[in-house]
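Side chains are part of it too, since the values below use all heavy atoms of this structure and drop only hydrogens, waters and symmetry mates. By convention here, the first residue in the shown sequence is residue 1.
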Amino acid sequence: MAGELKRTKKPQKPAVPKPAASTEAGAPKESEAPKFFQLTTENEGDALDIKLDDITPNPFNDRDIGDVTQLAESIDQDDLLQDITVMHTSAFAEHWPEQAEGITTKYVIAFGERRWRAHRHLGRATIPAILRNKVAPKIRRVLFAENFHRKQLSPIEEARKFRVLHVEEGMSYREIVAELKLSGPNYVARRMELLELPPALQEIVGTEDGPGVTLARNIKARLDDPEEQIRAWELIRDEGLKNVGEAVDRIRNADPVPPGNNPTDEQTEGDPVPPGNSSQPSGEEQLPVPSGNGASEPGADGDAPKPPAKTTQKSQPAAGKKTIAADRDTAERNNASADRDAACRQLVAADTKLTAEQHDALFGRTLLAPMAHGPARTRAHRWLRDAGQVVFDISDTDSYFEAVLSSGQAELVNRVAIATALAAGEVRARDGRRQWDKTDAEHVRLLIDATGYVPGTAWERAQLVKFGVPFPGADEEPDPEPLN
């Protein structure tokens with residue numbers, strides 16, 4: 001009977017559930033399985049705390065990161081206010097295998113590289129992040145759009161970005177415009193045209209050493225040969241030619257450089273070069289008399305100089321007087337231009353508020369009178385930049401105006417429009433190839449009324465008297481103007 005009792009020991013049965021014993025060894029209970037998977041699976045939108053060494057910057061982020069010291073100090077004081085955004089490297093590599101090659105970390109930054117670098121600067125081990133794998137397919141164009149108006153891109157850099165979006169992303173010009181909030185497809189098309197220029201010109205378009213976008217496009221439109229395109233720009237830059245047409249004529253006909261056209265930096269942007277701006281120690285009687293410079297002698301607007309062989313002793317004194325008078329008018333006109341330029345800069349720098357009457361008259365003249373708007377935009381951009389009024393630090397004039405129009409800042413748009421209208425009047429007034437009219441005199445009237453400008457040359461005073469514009473110091477002697 002005792003043997004039967006040993007065989008039928010049922011109390012040992014409850015010990016059969018080995019899961020309980022193995023649970024003590026560390027195996028999860030069936031009810032705890034969901035918690036285990038939640039800890040190891042990372043889903044779209046999850047907030048994570050990731051080791052910095054497990055993250056790699058995005059290869060498509062070409063933004064200038066700059067110094068992160070101040071950002072690091074802010075994070076150290078107030079902590080991180082906005083988590084960075086990351087993608088799994090596997091998700092990034094699925095769409096961008098070439099860019100993912102060599103990346104060994106688990107994550108790639110989508111947005112927030114500066115914050116990540118600031119954390120490294122602080123010596124922190126981890127950073128809060130949000131997982132967004134869904135952004136991987138479009139990360140290149142999203143980053144470009146994010147950085148486009150933030151980073152100062154040159155025109156050719158913009159053109160190359162547009163080409164990537166157009167050719168590799170398959171975006172139409174209109175889609176690029178919508179993505180980047182540009183004014184229209186023509187802006188994209190104009191930039192893309194620059195890619196047809198020779199590399200030597202491409203790299204300097206929109207810089208201080210190169211042509212503006214419009215001038216570069218005009219060169220490309222008039223000349224097909226790359227070497228001739230480069231030569232055209234060199235002529236305009238080095239010899240003060242006023243437009244592409246003159247450069248083309250020089251290249252086609254190999255004409256000699258006309259004397260007396262020493263250009264200024266501003267004139268290389270398209271401003272006309274007043275004739276007779278270089279002195280000639282001998283043979284002055286051979287210089288043509290410039291038209292429209294106030295010379296009162298008969299024939300000053302059209303008489304052609306006679307060849308030296310036919311010049312008589314009697315004609316030399318008369319020709320010399322004409323040249324001296326014309327040179328004096330030219331010198332005074334140039335000096336008056338410099339004085340007015342200073343007054344315009346003063347008006348722009350002070351952000352002077354015009355009266356409604358002055359405002360309407362200024363824009364009326366700009367819209368109705370023939371104006372050189374390209375050079376005017378360049379001059380206005382320079383004035384605003386020198387005065388610290390640009391808001392956007394963009395060197396290329398066309399890009400700057402595009403950014404202003406896209407900014408939605410009404411006050412900025414109005415300020416730039418006034419500066420441009422003012423510059424249009426000044427470019428017109430300083431054109432030595434034409435005679436002044438009432439519009440030029442009214443341009444000076446605005447400077448007198450708004451800035452207290454005092455005309456100091458006899459030439460400009462005579463023009464104001466001619467058109468009935470009063471000016472301060474009318475009873476005083478004008479400044480003496482030496483001939484150069």
Side-chain angles (χ1 to χ4, degrees), residues 264-267 269-274 277 293-294 329-366 369 371-373 375-390 397 414-432 434-482:
T264 65
D265 290 340
E266 293 174 341
Q267 289 164 346
E269 295 291 342
D271 291 345
V273 182
N277 287 344
N293 285 345
D329 283 344
T330 299
E332 290 192 357
R333 186 164 187 166
N334 290 342
N335 289 339
S337 295
D339 293 342
R340 290 193 309 273
D341 186 88
C344 290
R345 288 176 178 271
Q346 176 186 340
L347 192 153
V348 170
D351 197 16
T352 304
K353 304 302 180 185
L354 303 181
T355 66
E357 183 179 358
Q358 290 172 333
H359 189 278
D360 292 346
L362 173 62
F363 283 96
R365 291 194 299 272
T366 305
M371 298 284 185
H373 292 283
R377 285 158 61 99
T378 300
R379 185 180 294 265
H381 187 199
R382 185 182 299 114
W383 287 345
L384 291 161
R385 186 172 61 241
D386 292 347
Q389 299 276 10
V390 286
T397 297
N414 185 61
R415 182 192 309 150
V416 175
I418 289 176
T420 306
L422 190 67
E426 182 53 35
V427 169
R428 189 174 190 270
R430 75 189 302 273
D431 184 353
R434 52 176 293 277
Q435 292 182 338
W436 264 29
D437 55 22
K438 183 68 173 177
T439 299
D440 303 296
E442 290 300 321
H443 169 68
V444 181
R445 186 199 293 271
L446 174 61
L447 297 180
I448 293 170
D449 294 342
T451 70
Y453 171 69
V454 178
T457 66
W459 183 88
E460 189 172 50
R461 287 165 171 247
Q463 299 299 313
L464 297 178
V465 169
K466 177 180 178 181
F467 293 104
V469 174
F471 54 90
D475 298 331
E476 301 174 4
E477 288 294 323
D479 296 335
E481 299 292 348

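For the atom pair CD (Gln463) and CD (Gln435), the distance works out to 8.0 Å, reported to the nearest 0.5 Å. Taken from OG1 in Thr457 to CG in Asn335, the straight-line distance is 7.5 Å, to the nearest 0.5 Å.
Closest heavy-atom contact between Trp436 and Phe467: O-CZ, 3.5 Å. In terms of heavy-atom proximity, Cys344 sits nearest to Leu447 at SG-CD2, 3.8 Å. Among all heavy-atom pairs drawn from Leu464 and Pro455, the shortest one is CD1-CG, 3.6 Å. A pairwise comparison of heavy atoms in Leu347 and Ala450 identifies CD1-CB, 3.7 Å as the closest pair. Taking all atoms of both residues into account, the shortest heavy-atom contact from Ala349 to Gln389 is O-NE2, 3.1 Å.
Checked by atom type and distance alone, the side chain of Arg333 pairs as donor or acceptor with a backbone atom of Asp431 at under 3.5 Å. A donor-acceptor pair is defined here as one N or O able to donate and one able to accept, closer than 3.5 Å; no such pair exists between the side chain of Glu460 and the backbone of Ala336.
In terms of the side chain to side chain contact (heavy atoms under 4.5 Å, CB included) criterion, residue partners of Ser337 (sequence neighbours excluded) are, by chain and number, Arg340, Glu426, Arg430. Not counting sequence neighbours, the partners of Arg428 by the salt bridge (Lys or Arg N to Asp or Glu O under 4.0 Å) test are Asp437, Asp440. Here Arg445 pairs with Glu442 under the salt bridge (Lys or Arg N to Asp or Glu O under 4.0 Å) rule; sequence neighbours left out. In this view, Asp449 satisfies the side chain to side chain donor-acceptor pair (under 3.5 Å) rule with no residue, not counting sequence neighbours. Taking the ring-ring contact (aromatic ring centres under 6.0 Å, His included) definition, one finds that His443 meets it with nothing, sequence neighbours left out.
Under the 4.5 Å side-chain criterion, counting only non-hydrogen atoms from C-beta, Arg345 is in contact with Arg382. With a 4.5 Å cut-off on side-chain heavy atoms, His381 and Val390 count as touching. Tyr453 has its side chain within reach of Asp339: a pair of non-hydrogen atoms, C-beta onward, lies under 4.5 Å apart. In this structure, the side chains of Phe471 and Val465 come closer than 4.5 Å at one or more pairs of heavy atoms. Side-chain contact between Leu354 and Leu446 is present, with heavy atoms from C-beta onward closer than 4.5 Å. Side-chain contact between Gln358 and Thr355 is present, with heavy atoms from C-beta onward closer than 4.5 Å.
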Name each donor-acceptor pair under 3.5 Å that joins a side chain in residues 418-425 to protein atoms two or more places apart or in another chain, with its distance.
unit_1: Thr420; atom_1: OG1; unit_2: Val416; atom_2: O; d: 2.7

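The list of ring pair (Phe, Tyr, Trp, His ring centres under 6.0 Å) pairs with a residue in residues 329-364, not counting sequence neighbours, reads His359-Phe363. Among residues at least two apart or in separate chains, salt bridge (charged side-chain N to carboxylate O under 4.0 Å, His left out) pairs with a member in residues 352-362 are Asp351-Lys353.
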Note to self: Could you go through Trp383 and Asp341, starting from their C-alpha distance and side-chain angles, then the distance that decides it, and tell me whether this counts as side chain to side chain donor-acceptor pair (under 3.5 Å)?
What the structure shows: CA-CA 9 Å; Trp383 287 345; Asp341 186 88; 3.2 Å; yes
Next item on the list: Please lay out, stage by stage, how Val444 and Val469 fare under the test side chain to side chain contact (heavy atoms under 4.5 Å, CB included).
Entry: CA-CA 8 Å; Val444 181; Val469 174; 5.7 Å; no
